[in-house]
Asks: 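Would you mind keeping the following structure in view while I ask a few things?
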Amino acid sequence: MTSLAVLHASQLVTVAGPKRPRVARELSELALIRDGGILIRDGVIEVVGPSAEIEKQVRDAEVIDARGKVVLPGFVDAHTHLVFAGNRLEDFERRARGDTYEQIAKAGGGIWSTVEKTRAASEADLLVEAKKHAEWFLSCGTTTVESKSGYGLSLEEELKILRVMKRLSRQTPLEIVPTFLGAHATPRNMNAGEYVNLVVDEMLPRVTSERLAEFCDVFCERGYFDIEQSRRILNAAKKLGLNLRIHADQLSNSGGSKLAAHLKAKTADHLEKTDGEGIEALKSGGVQPVLLPGSVYALGSTQYPRAREMIDAGLAVVIATDFNPGSSPTTSMPMILSLACTYMKMSPAEAIAASTINAAFSLRRGDQIGSLEPGKLANFAIFDCEDYRELAYWFGVPLTHGVYVTGKKVH
Ligand code: NIG
Ligand code: FE
């Protein structure tokens, strides 16, 4: 039996609370313990409390002194596109010159250019790049990520990406929750209708029979997949036992949030263009909004999603990085906390609940991760600051001191 004790954290942010996602005022309740400690046995949290109490039970445990530091549950990043080849530096420069996301895609950049690079990469090469991204996530204090396929756009290439995720999950400490996003764009040699048939008739059955995904997602957007095409794919996925997430209302208010509500999707993501009606729909369908301020920022837009209205409506808001090479090249959840506070007017406490416990519930893992409570996995991060609000405040400053997954130091 291996034991570990973390003692004397200036703030131990437990995020303990009810066994369901946090809504409204609950989002501000982080259940933090000053001079707090945790006792861990065999990778699982056994006791959480004031250091004075933990100290009495330490016995032969290895001790980590967290004096002057903040301890948080490892961040849970519920929306990423982690597996891709290369970068999109040309798009980045074009944007700086004033081109829009859609103009860049038409000019040969955009999702398709990453598809070409990803197809050209072998499974082994992709795994090497994915490991680099995984290390970036860990270095920012993230211990679980949802990861979408979607840069393959053919049966074999999508399977290749999902296999890389499986190998990555086994070979690195970062926990990967796989999502099949075959419907991320239409490949050049087909029209959308033909491609939807391929997704429904061939890809989904293979993905599920090989158990390569837990969720299915669709980029429901003007110029990508319309409401009917999205509905068809997501219904087929649901029948095969996958849970649902949807890229909704990112560039236009196209009804994606209403579709999410109708299908009882676990999440609707982006929502920059969602209006009051859409928010009502999410509420009635029990859908968690996943807000991605990193992509608004990196696309140079100023229209952030209406987080305050969503919180007031009682939605269990999640925030995530949307890590991808095109619209959000960051793995940093602290950066997302900063954007959430500054541009979406969330409090630092709300942002932390949204990136830990609520994110965990959106991935159906709320009983294992997302808070520091007895019985949960000992996934946590130690930061070099005394107050959790500093994480959102010192933006761009690397404050990670140590990261632990099931009680083992991984960064
Ligand atoms: O979440 N919206 C669609 N997909 C990504 C962008 C992917 C890309 O540009 O490569 C997103 O923003
Ligand atoms: Fe995305």
Side-chain angles (χ1 to χ4, degrees), residues 77-95 99-119 121 129 133 145-153 157-158 161 177-187 215-226 229-230 233 244-254 256-257 260 265-274 289-301 303-305 318-331 336 339 359 362-363:
D77 196 336
H79 183 135
T80 86
H81 306 249
L82 184 147
V83 179
F84 57 84
N87 58 47
R88 296 256 282 280
L89 290 169
E90 300 77 16
D91 296 20
F92 180 59
E93 285 207 308
R94 269 180 183 275
R95 247 191 331 270
D99 289 1
T100 66
Y101 189 74
E102 283 153 318
Q103 283 168 337
I104 290 168
K106 280 206 182 92
I111 292 174
W112 185 251
S113 64
T114 298
V115 170
E116 286 178 325
K117 288 180 209 154
T118 304
R119 285 181 173 182
E129 288 201 63
H133 303 154
V145 300
E146 181 262 13
S147 171
K148 303 172 196 300
S149 68
Y151 292 115
L153 309 187
E157 293 297 329
E158 286 293 307
I161 291 169
V177 180
T179 293
F180 171 61
L181 175 60
H184 193 196
T186 300
F215 290 90
C216 181
D217 193 344
V218 171
F219 190 10
C220 179
E221 185 62 63
R222 178 180 70 200
Y224 292 84
F225 299 92
D226 66 20
Q229 291 163 338
S230 302
I233 292 168
L244 310 181
R245 315 179 88 77
I246 308 181
H247 278 72
D249 306 337
Q250 179 184 10
L251 308 172
S252 59
N253 185 7
S254 54
S257 44
K266 209 61 203 141
T267 67
D269 304 42
H270 278 287
L271 309 178
E272 286 88 329
K273 298 289 192 314
T274 302
V290 180
L291 309 181
L292 308 165
S295 62
V296 182
Y297 166 78
L299 291 178
S301 162
Q303 195 174 4
Y304 287 85
V318 177
I319 58 174
T321 62
D322 193 15
F323 174 64
N324 75 73
S327 64
S328 194
T330 186
T331 58
I336 299 305
L339 293 171
S362 87
L363 296 175

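When reading the values below, keep in mind they use all heavy atoms of this one structure, side chains included, and skip hydrogens, waters and symmetry mates. We count ligands from 1, going down the list as the structure has it; atoms in each ligand are counted the same way. Given the structure is predicted, the values throughout are model-derived calculations rather than measurements.
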Asks: Considering heavy atoms of the protein only, find what lies nearest to atom 4 (N) of ligand 1 and give residue, atom and distance to 0.1 Å.
Replies: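 Closest protein heavy atom to atom 4 (N) of ligand 1: His184 NE2, 2.9 Å.
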Asks: For ligand 1, which atoms, with element, lie under 4.0 Å from some heavy atom of Asp322?
Replies: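 Checking each atom against Asp322, I get 1 (O), 11 (C), 12 (O).
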Asks: Does some side-chain heavy atom of Phe225 sit less than 4.5 Å from a side-chain heavy atom of Cys220?
Replies: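 No, their side chains stay 4.5 Å or more apart.
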Asks: So does His270 have any N/O/S atom less than 2.8 Å away from the Fe ion (ligand 2)?
Replies: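 Looking at His270, which is the residue asked about, there is no N, O or S atom under 2.8 Å from the Fe ion (ligand 2).
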Asks: Which atoms from ligand 1 have a heavy atom of Arg88 less than 4.0 Å away?
Replies: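 So the atoms of ligand 1 that pass are 8 (C), 9 (O), 10 (O).
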Asks: Could you list which atoms of ligand 1 come closer than 4.0 Å to a heavy atom of Ile111?
Replies: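 Selected atoms, number and element: 7 (C), 8 (C), 9 (O), 10 (O).
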Asks: Thr179: which residues meet the side-chain hydrogen bond (donor to acceptor under 3.5 Å, both in side chains) condition with it, sequence neighbours left out?
Replies: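 Once residues adjacent in sequence are excluded, the partners of Thr179 under the side-chain hydrogen bond (donor to acceptor under 3.5 Å, both in side chains) criterion are Glu146.
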Asks: Give the atom name of whichever N/O/S atom in Asp322 sits closest to the Fe ion (ligand 2).
Replies: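 In Asp322, the N, O or S atom with the shortest distance to the Fe ion (ligand 2) is OD1.
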Asks: Do Ser328 and Asp322 have side-chain atoms, one donor and one acceptor, less than 3.5 Å apart?
Replies: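 Side chains of Ser328 and Asp322: no pair found under 3.5 Å.
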Asks: Atoms of ligand 1 less than 4.0 Å from His270 heavy atoms?
Replies: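 Atoms satisfying the 4.0 Å criterion: 1 (O), 2 (N), 11 (C), 12 (O).
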Asks: Of the protein's non-hydrogen atoms, which lies at the shortest distance from atom 12 (O) of ligand 1, and what is that distance?
Replies: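 It is Ser327 OG, 2.5 Å.
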Asks: Which residue supplies the protein heavy atom nearest to atom 10 (O) of ligand 1, what is that atom called, and how far is it?
Replies: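 The closest one turns out to be Tyr151 OH, 2.6 Å.
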Asks: A side-chain contact here means heavy atoms from C-beta on lying under 4.5 Å apart; do Ile161 and Tyr151 qualify?
Replies: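 Yes, at least one pair of side-chain atoms sits under 4.5 Å.
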Asks: Using a 4.0 Å cut-off to any heavy atom of Asn324, which atoms of ligand 1 qualify?
Replies: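 In order of numbering, the contacting atoms are 5 (C), 6 (C), 7 (C), 8 (C), 9 (O), 10 (O), 11 (C), 12 (O).
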